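Given the structure is predicted, the values throughout are model-derived calculations rather than measurements. In what follows, chains carry the letters A, B, and so on, assigned in the order in which the sequence lines appear, proteins first and then strands, with residues in each chain numbered from 1.
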Protein chains: 2
Amino acid sequence: MKLPVSTEWLLHCAASLAQLKSGDTASAAQLAQYFDLPAAYLAKQLQALVKAGVLAATTGPRGGFRLARPASEITLLQLVEAVDGASSPYECREIRQQGRGALPAEECRTPCILAEKMAEAHRAWRRSLAATSLADIVAALPPSAPSRTRLRLTGAP
Amino acid sequence: MKLPVSTEWLLHCAASLAQLKSGDTASAAQLAQYFDLPAAYLAKQLQALVKAGVLAATTGPRGGFRLARPASEITLLQLVEAVDGASSPYECREIRQQGRGALPAEECRTPCILAEKMAEAHRAWRRSLAATSLADIVAALPPSAPSRTRLRLTGAP
DNA sequence: ATTATCTCGGACTAAATAGATCCGCAATGT
DNA sequence: ACATTGCGGATCTATTTAGTCCGAGATAAT
């Protein structure tokens, strides 16, 4: 059970975008340079966030990425599931209905208890991530961070 | 973020072993037949549970696997982490200290907030799984299950 | 309006990991 | 002694992840 390494990249990228002035953008190349990441691969992952609707992209000179919504309305869960997918890590394939020990379909009207417990754990994980927004992250940074980020990321103070 | 398919196998195998009479064993071949699973691969995964200390194995004829401890002292978390490893799905590589936007080491004395939040979610997941034991699982089964499992799995009533 | 340039966007390739199998060895009970 | 079972290693394949490349489209200066 492993999240892609790009998860960290995108969380930090999104947090950085949240520190820009509203309407301002940063290009994939700028973000890649800012964190020293492979630019092409980062660009690909940023597209996933666009498709998921948490980022908006504008093409052409002076274009780039920005948050699609206020930072307070973007949760860590939305970011993580945008890059990794929203499916549960545990997939019940109903092996209780297979093989020599197969249960009659009649006893399988209620979902498998093991699958239930695993799903419950996943819900706890999602709930925890959904409780934090990008605005919370930015608020926890030192007050000097946003202006420095703007300067070093886009070159604008 | 995906758990191996063998996770489901081992959870069900452990639950089945929990229904045997104390001291009784089931072989890898019996378990594979019981759920219609690839025997060789299942055997390999069962070894992981032995190494993790939740199962005990005896070789030789009439040998096989049994629970290493009472079912009430084996949690779903222990089983899942035995097969998948106990490492967190999110790995912080401190990219905040790399590239053009690198923070001075002085500002990185406190751990990255994003890593903290991800770790917190993982703790919530682990806590949820640790709250359920194999005994809880067996108790939720219909009362007729244990004797049927014993019959169909090992051939003993 | 045109052109030069900068951006995203999707197609494509390579490396890593999971899934699965097989064989020989050690141990145990009949 | 022999059949049965777990254990560990070597091997092979397939899927996923990581990473690169080039083209379509939009913008801004000329």
Side-chain angles (χ1 to χ4, degrees), chain A residues 1-10 13 17 23-33 35-66 68 80 82-85 87 89-91 93 95 154-155, chain B residues 1-10 13 17 23-33 35-68 80 82-85 87 89-91 93 95 153-155:
Chain A
M1 195 180 50
K2 229 181 42 182
L3 286 168
V5 292
S6 46
T7 309
E8 182 185 8
W9 306 355
L10 293 175
C13 285
L17 292 177
D24 237 353
T25 66
S27 72
Q30 284 174 320
L31 288 165
Q33 211 175 22
F35 291 114
D36 190 25
L37 301 174
Y41 188 39
L42 175 64
K44 188 192 184 90
Q45 304 299 329
L46 285 166
Q47 291 169 29
L49 293 210
V50 173
K51 258 192 285 189
V54 309
L55 294 190
T58 60
T59 68
R62 307 262 331 142
F65 297 92
R66 66 177 189 280
V80 169
V83 55
D84 188 57
S87 60
Y90 180 86
E91 187 182 353
R93 302 195 183 178
I95 67 171
T154 66
Chain B
M1 193 178 52
K2 228 180 41 181
L3 285 169
V5 291
S6 46
T7 308
E8 182 184 9
W9 306 354
L10 294 175
C13 284
L17 293 176
D24 237 353
T25 66
S27 72
Q30 285 174 320
L31 288 165
Q33 209 174 21
F35 291 116
D36 190 25
L37 300 174
Y41 190 39
L42 174 65
K44 197 184 190 75
Q45 304 300 325
L46 285 167
Q47 292 173 27
L49 293 211
V50 173
K51 257 191 288 188
V54 309
L55 294 190
T58 61
T59 68
R62 306 265 329 143
F65 298 93
R66 66 177 188 279
L67 300 187
V80 169
V83 53
D84 186 57
S87 61
Y90 180 86
E91 186 182 354
R93 303 194 184 177
I95 67 170
L153 177 58
T154 66

*To the nearest Å, give me how far apart CG (Leu46(A)) and P (dG9(C)) are.*
9 Å
*Nearest whole angstrom, please: distance from the P of dT17(D) to the CH2 of Trp9(A).*
14 Å
*Shortest non-hydrogen contact between Phe35(B) and Ile95(A), atoms and distance*: CD2-O, 3.6 Å
_Within-4.5 Å side-chain heavy-atom neighbours: Arg66(A) and Asp24(A)_ = no
*Report which part of the nucleic acid Ala29(A) touches: base, sugar-phosphate, or nothing (heavy-atom distance under 4.0 Å, all strands).*
nothing
_Nearest-nucleotide pick for Pro61(A), side chain only, options being dT5(C), dT7(C), dC7(D)_ = dT5(C)
*Gap between atom NZ of Lys2(B) and atom NZ of Lys2(A) - 0.5 Å precision*: 12.0 Å
_Toward the 5' end of DNA chain C, by each residue's nearest nucleotide, Ala57(A) or Val5(B)_ = Ala57(A)
*Mind calculating the distance between CD (Gln33(B)) and P (dT4(D)) to the nearest angstrom?*
14 Å
_Which heavy atom of Ala28(B) sits nearest to which heavy atom of Ala43(B), and what is that distance?_
CB-CB, 3.9 Å
*Would you mind reading off the distance between Met1(A) atom CE and dT16(D) atom P, rounded to a whole angstrom?*
18 Å
*Name the residue closer to the 5' end of DNA chain D, choosing between Arg62(A) and Thr58(B) according to the nucleotide with the nearest heavy atom.*
Thr58(B)
_Interatomic distance where CD belongs to Gln45(B) and P belongs to dA20(C) [whole Å]_ = 9 Å
*Taking the side chain of Ala40(B) as heavy atoms from C-beta outward, which of dT17(C), dC22(C), dG29(C) is closest to it?*
dC22(C)
*Output yes when at least one side-chain N/O atom of Tyr41(B) is less than 4.0 Å from OP1 or OP2 of dT21(C), else no.*
no
*In whole Å, what is the span from the NZ atom of Lys44(A) to the P atom of dC22(D)?*
15 Å
*Starting from P on dT5(D), measure out to CG on Leu31(B) and report it in whole angstrom.*
12 Å
*Taking the side chain of Gln47(A) as heavy atoms from C-beta outward, which of dT16(D), dG9(C), dT28(C) is closest to it?*
dG9(C)
_Heavy-atom side-chain proximity of Leu42(B) to Leu10(B) below 4.5 angstrom_ = yes
*Length of the CZ-P vector between Phe65(A) and dA26(D), whole Å*: 15 Å
